[in-house]
> 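I'd like to ask some things about the structure below.
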Amino acid sequence: MDPYKHRPSSAYNSPFWTTNSGAPVWNNNSSLTVGTRGPILLEDYHLVEKLANFDRERIPERVVHARGASAKGFFEVTHDISNLTCADFLRAPGVQTPVIVRFSTVIHERGSPETLRDPRGFAVKFYTREGNFDLVGNNFPVFFIRDGMKFPDMVHALKPNPKSHIQENWRILDFFSHHPESLHMFTFLFDDLGVPQDYRHMEGSGVNTYTLINKAGKVHYVKFHWKPTCGVKCLLEDEAIKVGGSNHSHATQDLYDSIAAGNYPEWKLFIQIIDPDHEDRFDFDPLDVTKTWPEDILPLQPVGRLVLNKNIDNFFAENEQLAFCPAIIVPGVYYSDDKLLQTRIFSYADTQRHRLGPNYLQLPANAPKCAHHNNHHEGFMNFMHRDEEVNYFPSRYDPVRHAERHPIPPPVLTGRRDRVSF
Ligand code: HEM
């Protein structure tokens, strides 16, 4: 099975021009006019359709991480962690899963330079046999804030001034001076690590604490880390100015050219784990996203490797329309109570319904590659062919059953409703 094959596709092009509805077009150069000089007739349907499509070519850019580059490849398990998780794609060394990855800058627009001092996104979509798993991370292992309530304000402060559309330090410092927990991430951002040389020489991190659950229901907190096999390289301020001055897409180009030349970028995946039964042994909160987990007491454990060996075929379909979401997990992986992660679970799918429409998960790059079924259907731009007569549940006529139950974290939750700073 080719996981990237999809239709409609330019593989089915006719040898001559047609309208969208397939009628032959005999002249794609000249509009239909009265006489030789015009005016143009409204009945020139081909012209109207051509302009109408052109007028609508752009979709809203991502509210953050608008500028990005993507590539495809595979993830391969190299070390057995089936004692920690029942995730099918991690079941044994040697198992390979197709992936699509999108790297990005965070704050500036879709066409902005890739040399700016800014965190970088590192988002991986695993097309597993049990559905997609999106590990939507960044290049730094910590985040500025701990509570998603602050995220829109934080982004407003970092984005350009709404009056002048110029990014201004006084606005950034004004906001962050109220949030000392952001200092840790600033030490990464304003260190020599702050401008990655390109996307190949960059680490990745899941940042938030997730959980792994094994068949018996035992839970471990987990942090995910990607380490590039070609090492980490960054640009100093004057180097960044030089690189960006001549090419504002240098990182996209580096990724594309490397893969085209057969020089496939590779990362090793490592995890750190904490048994929640013993989380009180640490002098930090494992769910606090502004803290790293010290590697001397919580060593990095190897899990697998990620190889990007195929360039995207089309930027719009496989970058602009790509939708990652931290809520998209598979059995054997679960969220933690990390408040930032909990907020993210809502926000991504919400923006994607706005940015791409309610059927965004039917788009080829976002759709699972495994068989899937439910009765969430219709809506704008539905292009799923369904021929079932029963679209309700339960039904004695529909043989589709519940999936096998898989373990989720067992702790009993109690507490008083509150809004707390921590
Ligand atoms: C509560 C905190 C956060 C909120 C509300 C939030 C929200 C968003 C939204 C709305 C998008 C645009 C998604 C789209 O249009 O497809 C986005 C993109 C992204 N976010 Fe976050 N985010 C948060 C924190 C984080 C953190 C902690 C990380 C790193 C672990 C992160 C990494 C990313 C990445 C990599 C993308 C780009 C995905 C892509 O390439 O399409 N975000 N975020």
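Whatever order the structure lists them in is the order used to number ligands and atoms, beginning at 1. Please read these numbers as outputs of a predicted model, since none were measured by experiment. Because only heavy atoms are used, hydrogens play no part in the values below, and waters and symmetry mates are left out as well, while side chains stay in.
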> Mind checking whether Gly137 has a heavy atom under 4.0 Å from ligand 1?
yes
> Check His108 against Asp118 and note the closest heavy-atom contact, atom names and distance.
N-OD2, 4.4 Å
> Any idea which atoms of ligand 1 are less than 4.0 Å away from a heavy-atom of Val207?
29 (C), 30 (C)
> Taking 4.0 Å as the limit for heavy-atom contacts, which would you say applies to Thr351 with ligand 1: side chain only, backbone only, both, or neither?
side chain
> Could you report the tightest heavy-atom contact between Arg120 and Val106, atom names first, then the distance?
N-CG2, 4.5 Å
> Which pair of non-hydrogen atoms, one from Ala87 and one from Thr85, has the smallest distance, and what is that distance?
N-OG1, 2.9 Å
> What pairs with Phe176 under ring pair (Phe, Tyr, Trp, His ring centres under 6.0 Å), at least two apart in sequence or on another chain?
Phe144, Phe186
> Pull out every atom of ligand 1 sitting under 4.0 Å from any heavy atom of Gly206, numbered as shown with elements.
30 (C)
> Given the ring of Phe324, does Lys125 sit roughly above its face, with NZ or CZ under 6.0 Å from the centre of the six-membered ring and within 45° of the axis?
yes
> Show which atoms of ligand 1 fall inside a sub-4.0 Å distance from at least one heavy-atom site of Gly148.
1 (C)
> Minimum heavy-atom separation for Phe143 to Met185, with atom names?
CA-SD, 3.4 Å
> Can you name the atoms of ligand 1, numbered from 1 with element, that are less than 4.0 Å from a heavy atom of Leu340?
1 (C), 2 (C), 27 (C)
> Can you tell me the protein heavy atom closest to atom 15 (O) of ligand 1 and the distance?
Arg355 NE, 2.7 Å
> Show the nearest heavy-atom pair for residues Ala367 and Tyr127, with the distance to one decimal.
O-CE2, 3.8 Å
> May I ask you to establish whether Lys291 and Phe284 are in a cation-pi arrangement, using a distance under 6.0 Å from NZ or CZ to the six-membered ring centre and at most 45° from the ring axis?
no
> For ligand 1, which atoms have a heavy atom of Arg102 less than 4.0 angstrom away?
39 (C), 40 (O), 41 (O)
> Would you mind listing which atoms of ligand 1 come within a distance below 4.0 Å of any non-hydrogen atom of Val63?
10 (C)
> With 2.8 Å as the limit, jot down which protein N, O or S atoms are around atom 21 (Fe) of ligand 1.
Tyr348 OH
> Under 30°, 30 to 60°, or over 60°: which ring-plane class applies to Trp226 and Phe122, parallel, tilted or perpendicular?
parallel
> Can you list the steps and then say if Glu203 with His225 is a side-chain contact (heavy atoms from CB on, under 4.5 Å)?
CA-CA 7 Å; Glu203 293 190 339; His225 302 281; over 6 Å; no
> Looking only at non-hydrogen atoms, find the nearest pair between Pro196 and Asn139 and report the distance.
CG-ND2, 3.7 Å
> When only distance counts, is Arg62 in polar contact with ligand 1, meaning an N/O pair under 3.5 Å?
yes
